[in-house]
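To start, the structure under review is shown below, and the notes come after it.
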Amino acid sequence: MMFTKLYIDQLDEGYVILITGLTIVFFALLLLAAFFKFALPVMLYIYKIITKGRDKKIKDIPIETDKRFTGEVAAAISTAIHLYLKEQHDSENAVLTIKQARKMYSPWSSKIYGTHQSLK
Amino acid sequence: MMFTKLYIDQLDEGYVILITGLTIVFFALLLLAAFFKFALPVMLYIYKIITKGRDKKIKDIPIETDKRFTGEVAAAISTAIHLYLKEQHDSENAVLTIKQARKMYSPWSSKIYGTHQSLK
Amino acid sequence: MMFTKLYIDQLDEGYVILITGLTIVFFALLLLAAFFKFALPVMLYIYKIITKGRDKKIKDIPIETDKRFTGEVAAAISTAIHLYLKEQHDSENAVLTIKQARKMYSPWSSKIYGTHQSLK
Amino acid sequence: MKKIFLIFGVITMLVSIRPVLGLNMSSSNSMTSTTVSQTEASAEDSFVDEAFNGIKQFYQYTGFANATGGNLIMILIGIIFIYLGIKFDYEPLLLIPIGTGIMIGNIPFVPGFQTGIYESGSVLNYLYFGVVKGIYPPLIFLGIGAMTDFSSLIANPKLMLLGAAAQIGVFATFLGALYLGFNLPEAGAIGIIGGADGPTAIFLSSKLANGINILPDGTTVKNLIGPIAIAAYSYMALVPVIQPPIMKLLTSKRERLIRMKPPRAVSQKEKMIFPIAGLLLTTFISPSALPLLGMLFFGNLLKESGRTERLADTARTKMIDIVTILLGVTVGASTQANVFITKDSLMIFGLGAISFVIATMGGLLFAKFMNLFLKGEEKLNPLIGAAGVSAVPDSARVVHAEGIKADPNNYLLMHAMAPNVSGVIGSAVAAGIILSFLG
Amino acid sequence: MKKIFLIFGVITMLVSIRPVLGLNMSSSNSMTSTTVSQTEASAEDSFVDEAFNGIKQFYQYTGFANATGGNLIMILIGIIFIYLGIKFDYEPLLLIPIGTGIMIGNIPFVPGFQTGIYESGSVLNYLYFGVVKGIYPPLIFLGIGAMTDFSSLIANPKLMLLGAAAQIGVFATFLGALYLGFNLPEAGAIGIIGGADGPTAIFLSSKLANGINILPDGTTVKNLIGPIAIAAYSYMALVPVIQPPIMKLLTSKRERLIRMKPPRAVSQKEKMIFPIAGLLLTTFISPSALPLLGMLFFGNLLKESGRTERLADTARTKMIDIVTILLGVTVGASTQANVFITKDSLMIFGLGAISFVIATMGGLLFAKFMNLFLKGEEKLNPLIGAAGVSAVPDSARVVHAEGIKADPNNYLLMHAMAPNVSGVIGSAVAAGIILSFLG
Amino acid sequence: MKKIFLIFGVITMLVSIRPVLGLNMSSSNSMTSTTVSQTEASAEDSFVDEAFNGIKQFYQYTGFANATGGNLIMILIGIIFIYLGIKFDYEPLLLIPIGTGIMIGNIPFVPGFQTGIYESGSVLNYLYFGVVKGIYPPLIFLGIGAMTDFSSLIANPKLMLLGAAAQIGVFATFLGALYLGFNLPEAGAIGIIGGADGPTAIFLSSKLANGINILPDGTTVKNLIGPIAIAAYSYMALVPVIQPPIMKLLTSKRERLIRMKPPRAVSQKEKMIFPIAGLLLTTFISPSALPLLGMLFFGNLLKESGRTERLADTARTKMIDIVTILLGVTVGASTQANVFITKDSLMIFGLGAISFVIATMGGLLFAKFMNLFLKGEEKLNPLIGAAGVSAVPDSARVVHAEGIKADPNNYLLMHAMAPNVSGVIGSAVAAGIILSFLG
Ligand code: NA
Ligand code: NA
Ligand code: NA
């Protein structure tokens with residue numbers, strides 16, 4: 001019968017995919033395992049040999065100051081003060097955020113948690 | 001006039017929707033109120049009666065150790081040490097995250113906050 | 001040659017866009033600079049003059065209590081107790097959240113971190 | 001000035017190294033010369049003239065050349081929204097995004113460059129998609145569900161009726177809109193302003209008054225999403241101004257003094273069952289409200305299940321924030337002057353004001369009506385009926401403040417929360433009903 | 001009752017002020033009268049009759065009028081999902097969203113109002129887009145990659161083979177589905193249930209059994225996304241019930257006592273290289289799995305690079321949460337009774353159960369097979385093979401619990417994690433293979 | 001080996017229970033037999049042959065069979081990007097996602113399985129949508145606005161001109177691209193590389209050089225989004241390498257020693273007004289830049305309003321993270337070798353390098369030019385002009401480092417931030433201008 005033929009045909013292809021698929025899945029994970037077992041240690045060893053001196057980049061360059069306090073560092077100090085105030089502002093913000101978080105979201109129909117605060 | 005008829009017709013349907021709608025809204029919330037007033041207490045009472053023994057599940061099974069330290073628990077300890085180091089790594093990550101948060105986002109044109117750190 | 005003409009033509013338009021574009025960019029930032037240098041201080045000064053008294057809004061109205069404890073404040077107290085319990089519940093939630101955060105996400109194939117907890 | 005020449009010298013040097021790179025022009029050989037005549041004409045002009053013409057041409061693209069009075073008025077309104085949000089803390093989480101959106105939507109531009117929110121292909125148009133298709137509102141409801149505590153409602157279910165009574169504002173406004181000549185679907189969308197619920201208003205208007213649907217008589221409904229949303233949000237922000245006089249008018253001093261007994265404690269089991277029962281009962285009655293109510297109760301279940309705190313937390317923080325930002329700025333931007341400044345918008349604003357008045361009255365009077373059947377300490381303080389309009393939690397706060405004025409020890413806040421949140425459910429149910437009749 | 005009249009009085013007053021505003025009806029003059037005859041007919045009815053008819057008409061829209069037995073059964077199933085998630089903590093982060101989704105998807109509605117998930121234009125349909133197009137699963141894998149520690153795998157690469165062995169469950173189920181009469185692509189999608197991986201199952205079924213693809217013989221494949229996803233998630237939640245009996249059946253007491261030596265420490269460099277090497281090797285072999293494996297390893301690189309912690313954190317918290325919420329609720333809602341309750345679904349559930357059994361057996365037996373070639377302390381405890389099915393980390397936990405039962409000091413958890421996570425990779429590779437053959 | 005047989009025994013047993021279930025094949029009866037001849041032919045082959053053929057067939061799908069030299073080169077480039085990001089911390093938040101994206105985009109695949117980023121229907125294609133339509137860049141600008149402090153700009157408005165001067169890099173590169181034979185819109189998109197701003201470059205190229213637009217002469221513009229984005233991001237990461245030599249060349253030792261007076265304090269009111277005024281002034285001049293500048297200033301208003309901290313926080317953390325992940329990986333994946341490795345890409349990289357040089361020179365020389373009109377402590381240190389290229393904040397950091405080299409106590413960072421952030425505004429304005437002329 002036609003149908004049976006097709007049906008058996010499908011099953012046939014199914015068995016092929018079963019064997020093929022399993023083989024490939026095994027192969028894939030075997031390859032990955034082999035890479036980490038054998039190839040990677042060699043690669044890391046070679047990498048170690050070729051990179052002896054570490055590269056320097058702009059961020060690693062230490063910002064050296066001359067330690068002596070002179071009138072000339074006024075600008076620097078004022079910048080520092082500015083940064084300090086900024087910092088305070090940042091922590092203020094943090095506190096604000098915590099408060100906000102308590103207050104929760106509100107877009108109309110939603111400031112429900114906020115209502116508990118007015119009783120405190 | 002044609003138009004007036006249609007117009008009045010619309011208003012007519014409007015009044016129907018007004019009455020119908022209000023009735024249904026009331027009915028809906030009345031149903032919800034009735035459920036919580038009458039049906040729910042009964043349901044909770046029945047539930048209480050039928051569930052006497054509490055089901056156990058895999059996570060609730062306590063992991064019992066035999067308390068005596070033997071050479072055989074080496075594996076366990078090394079696992080524990082591994083976990084401990086892992087834990088440290090986790091807290092390191094947490095610290096990293098905080099640092100990252102300070103450093104903020106950067107994709108070109110955005111590491112602005114980061115610049116404050118190089119002065120510290 | 002036709003092509004050269006078109007090509008030169010493109011370059012011509014290019015130069016026009018170069019000059020025009022640069023001029024406009026300069027103009028835009030110049031305008032912004034001028035606004036903050038000159039217009040804004042004037043605006044802020046005027047604003048200061050016209051807003052003397054600060055508006056009150058509902059949230060700023062202090063909730064005054066009469067300080068004497070009477071039998072009549074029973075409702076208020078029970079509300080407060082309710083809120084207090086609620087509060088506790090909130091902190092419980094916070095603790096829960098921290099625990100959840102440790103446990104990480106799980107939708108199948110993902111509760112990996114969670115597994116470390118059962119050994120503790 | 002010599003520096004300028006230096007810069008140009010450098011450019012000239014750099015661009016003239018092209019032949020050194022040995023490139024041929026093959027890649028552009030395929031061009032045909034369609035603009036020759038224009039070229040020859042312009043070749044006569046001096047270079048300075050050209051640049052001046054360029055600037056003149058560019059000026060035609062600028063906002064200065066294209067600004068209309070409407071644009072300037074709307075930008076001013078946007079600034080006022082921002083000012084109200086910052087200065088008076090009137091719902092800043094929406095007034096500031098909407099206000100900025102109004103400004104963005106009214107920057108004058110030349111059509112055809114994919115700039116405006118109504119131009120297909122523009123970024124704003126893509127973000128506006130979530131408004132037009134009603135996708136943002138259910139996501140907002142998800143977050144609202146994940147942050148709302150329905151305890152007060154569970155403890156005192158009969159207060160839900162106050163949330164139902166206030167919906168008379170919805171249906172009365174609907175009728176009013178019909179009177180003013182709007183057709184049925186448009187009137188339905190306008191009516192929902194009385195629900196005092198932004199996401200519900202956007203959802204319903206995106207379904208009924210979206211400028212796309214075609215009526216039986218062949219006309220296309222108007223796109224009223226913008227005016228309806230702006231009206232709804234504006235009046236909700238103004239609840240502290242609108243409600244107090246009505247409350248004083250409709251209640252006696254004796255009524256305002258009524259003390260209500262504190263709500264009972266609610267068990268976690270009840271809180272878990274609430275979203276499930278609520279979802280089933282309300283959506284069986286009003287299936288068209290499924291996107292709204294389904295998400296609202298889903299969010300609440302995430303919150304109350306005790307097992308999905310992580311998801312609930314995301315839903316009520318980052319997820320709702322993202323949607324709020326996008327919703328706010330695009331709803332604001334949809335007020336582009338040429339489509340927004342119409343008589344329709346004015347009528348919608350008028351109807352909106354009336355709808356808030358009626359809704360407040362409906363809630364208040366129904367509370368007094370219920371008192372006819374209640375006795376002793378069961379009696380309601382009618383003020384809490386006013387909270388049935390939703391506008392959570394501002395109207396509950398207003399009720400509390402009014403109660404305090406009458407008796408400084410009468411804390412109505414927890415009691416007012418019940419009609420307040422049931423008002424949200426009530427207007428979503430009402431939206432579903434209207435959608436079923438007119439969708 | 002008098003209050004009701006008062007309310008109506010107010011409304012009447014308010015709506016009758018219209019003429020005062022001096023509005024003409026010009027805006028509605030364009031309407032044509034197409035419904036005249038209907039109007040005249042209904043004019044005779046009294047107003048109360050009309051309202052009663054309105055309620056009767058509305059009743060036709062409600063869930064009460066349209067509910068089918070299937071809807072009620074599915075709603076019950078949804079409630080059971082939620083109950084299991086809350087009560088037994090069975091994967092609540094997915095059972096609760098999916099359970100709620102099942103309820104939402106089975107609220108009865110009248111088609112044509114853009115309510116149902118299969119109706120184009122509905123909100124649920126827009127959110128479902130990410131399922132139908134297979135967009136959500138890769139995003140979930142991104143988050144999973146960003147939270148997964150592959151150390152145990154790197155330390156003991158040979159354990160990866162256990163994750164491969166368990167994939168026999170996938171291919172055996174595929175064959176079983178063919179036997180039951182499903183065509184090739186449908187069978188491929190059903191097979192992946194044996195991979196015990198929700199996102200992979202959704203991804204593959206959205207590509208193969210999506211109700212859109214057309215087969216060479218002209219028939220359209222069935223849409224099996226819903227049943228496959230529900231089956232996959234259900235059985236994964238039931239891993240603690242399914243696996244222990246099989247483990248006891250196939251291992252001897254002596255085997256269950258085997259102690260494995262602790263895994264070596266893994267350097268950060270190895271952890272960084274893992275996602276890069278894993279991405280290249282697995283996707284070169286199975287390119288169709290690129291969306292899944294590419295995102296999985298991308299997420300892991302974000303985690304391990306040490307420079308992108310901020311992105312990894314977002315990927316594994318808020319981003320995956322948002323996707324989980326949307327995925328869960330829409331997969332649940334896709335179980336609308338009329339499309340879900342079919343014999344196909346039943347067969348899929350049967351096949352799913354078998355697939356978990358076979359996968360567990362495959363992993364266990366392959367561990368025993370490997371032991372034939374290993375000696376001394378290299379020997380594996382065959383129990384950990386069962387963790388190869390993935391269902392991370394529940395099956396690793398089950399292995400651990402079984403090991404503890406045999407010897408209270410034998411901690412198998414860390415060892416079981418290796419086959420557990422390699423099972424995820426293995427089933428994604430298998431999905432890619434099936435997609436290549438049948439896509 | 002016997003275990004393998006055992007496994008197969010189990011499978012056979014399980015799949016053969018089908019008749020027990022009493023299923024008929026009716027569901028598959030509708031199939032027609034279109035592959036009969038093929039079946040009969042293959043029936044002769046032995047089963048092992050079949051499986052071997054299957055593997056051979058599958059091999060045709062693998063990356064090993066389809067890899068081209070271009071793929072391998074691009075994968076190597078991807079790995080180098082990741083290496084640079086991890087090892088040298090060069091903008092890792094983008095180099096790592098882009099590098100991974102390059103790998104993902106160059107995994108070889110057989111077309112037609114919805115795998116590649118350019119294949120309609122693939123997951124990567126859906127995510128790429130946000131790049132192609134220019135949706136991601138405005139969302140990134142929203143986050144950038146929400147994290148940027150414009151104080152230094154408000155305190156010293158004249159420094160904005162340095163950000164304008166550096167835009168000569170944009171227009172000079174535009175001219176250079178025209179010289180090299182690109183047509184006008186392509187050249188405009190290439191020019192924006194000189195703006196040193198990734199999101200702006202992607203936005204403009206998605207509008208002008210998207211492979212969709214059609215020119216007046218009938219040709220379609222090339223799709224240059226990938227090369228432009230990669231070039232822009234690469235050179236921005238290399239700013240610490242490119243800028244210092246130019247800075248030394250164009251400034252004298254005496255100029256590098258100039259100390260600038262510290263900026264004044266800025267009030268919160270000014271900070272609130274800045275985004276509103278900035279939005280109006282810049283978009284009135286350049287309305288086509290509305291999506292970028294509107295979102296940038298909107299984000300900044302969310303930050304500075306003091307009322308919407310919650311939204312600002314989401315915009316600058318989770319929201320921008322999600323967009324960055326998706327943008328990075330898809331921009332990377334768009335470098336699929338067959339469309340990326342062209343002479344155009346090489347020329348774009350050449351032009352990009354020149355543009356950064358010109359932009360740096362433009363900023364520096366304009367600072368010297370401004371000094372002609374300033375006196376005493378008003379004088380600028382010309383180094384800060386180099387920060388006008390944007391590439392925030394790396395170029396400000398470079399300026400700072402160069403200043404420190406000349407005088408260890410000269411802290412230029414805060415001063416350099418002003419031209420740095422105004423460079424962002426400047427190049428967005430420039431993008432709007434180019435779009436108006438050529439869009
Ligand atoms: Na309401
Ligand atoms: Na698996
Ligand atoms: Na720039």
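Chain letters run A, B, ... following the sequence lines, proteins first and then strands; every chain starts at 1.
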Could you list the donor-acceptor pairs under 3.5 angstrom formed between side-chain atoms of residues 421-435 of chain E and any protein atom two or more places apart in sequence or on another chain?
residue	atom	partner	partner atom	Å
Ser422(E)	OG	Met160(E)	O	3.4
Ser422(E)	OG	Ala418(E)	O	3.3
Ser422(E)	OG	Pro419(E)	O	3.1
Ser427(E)	OG	Gly423(E)	O	2.9
Ser427(E)	OG	Val424(E)	O	3.4

Can you say whether Phe274(E) sits under 4.5 Å from chain A via the side chain, the backbone, both, or neither, judging by heavy atoms? both
Can you see which heavy atom on Ile17(A) is nearest to which on Leu438(E), and at what distance? CD1-CD2, 3.8 Å
Look at Ala164(E), Gly163(E), Ala177(E), Ser436(E) and state which one has the largest set of heavy-atom pairs under 4.5 Å with chain A. Ala164(E)
Residue selection (most heavy-atom pairs with chain A, distance under 4.5 Å) from Ile154(E), Thr282(E), Leu280(E), Ile273(E): Ile273(E)
Is Leu31(A) in contact with chain E via its backbone, its side chain, both, or neither, using a 4.5 Å heavy-atom distance? both
How far apart are the closest heavy atoms of Pro157(E) and Phe36(A), and which atoms are they? CG-CB, 4.0 Å
Mind jotting down which residue pairs meet the side chain to side chain donor-acceptor pair (under 3.5 Å) criterion with at least one end in residues 357-367 of chain E? Sequence neighbours excluded, please. Gln243(E)-Thr360(E)
Engaged part of Leu44(A) at the chain E interface, taking heavy atoms whose separation is under 4.5 Å: side chain
Lys269(E) atom NZ, neighbour heavy-atom count above 12 within 6.0 Å: no
Do the non-hydrogen side-chain atoms of Leu32(A) and Leu153(E) ever get within less than 4.5 Å of each other? no
Step by step, would you call Val25(A) with Val170(E) a side chain to side chain contact (heavy atoms under 4.5 Å, CB included)? CA-CA 11 Å; Val25(A) 170; Val170(E) 173; over 6 Å; no
Would Phe437(E) and Val16(A) count as a side chain to side chain contact (heavy atoms under 4.5 Å, CB included) here? Give the steps. CA-CA 10 Å; Phe437(E) 273 117; Val16(A) 171; 5.8 Å; no
Show the numbers, then the answer: is there a ring pair (Phe, Tyr, Trp, His ring centres under 6.0 Å) between Phe366(E) and Phe26(A)? CA-CA 12 Å; Phe366(E) 196 80; Phe26(A) 263 97; 4.9 Å; yes
Can you tell me which portion of Phe35(A) sits under 4.5 Å from chain E's heavy atoms? Options are side chain, backbone, both or neither. side chain
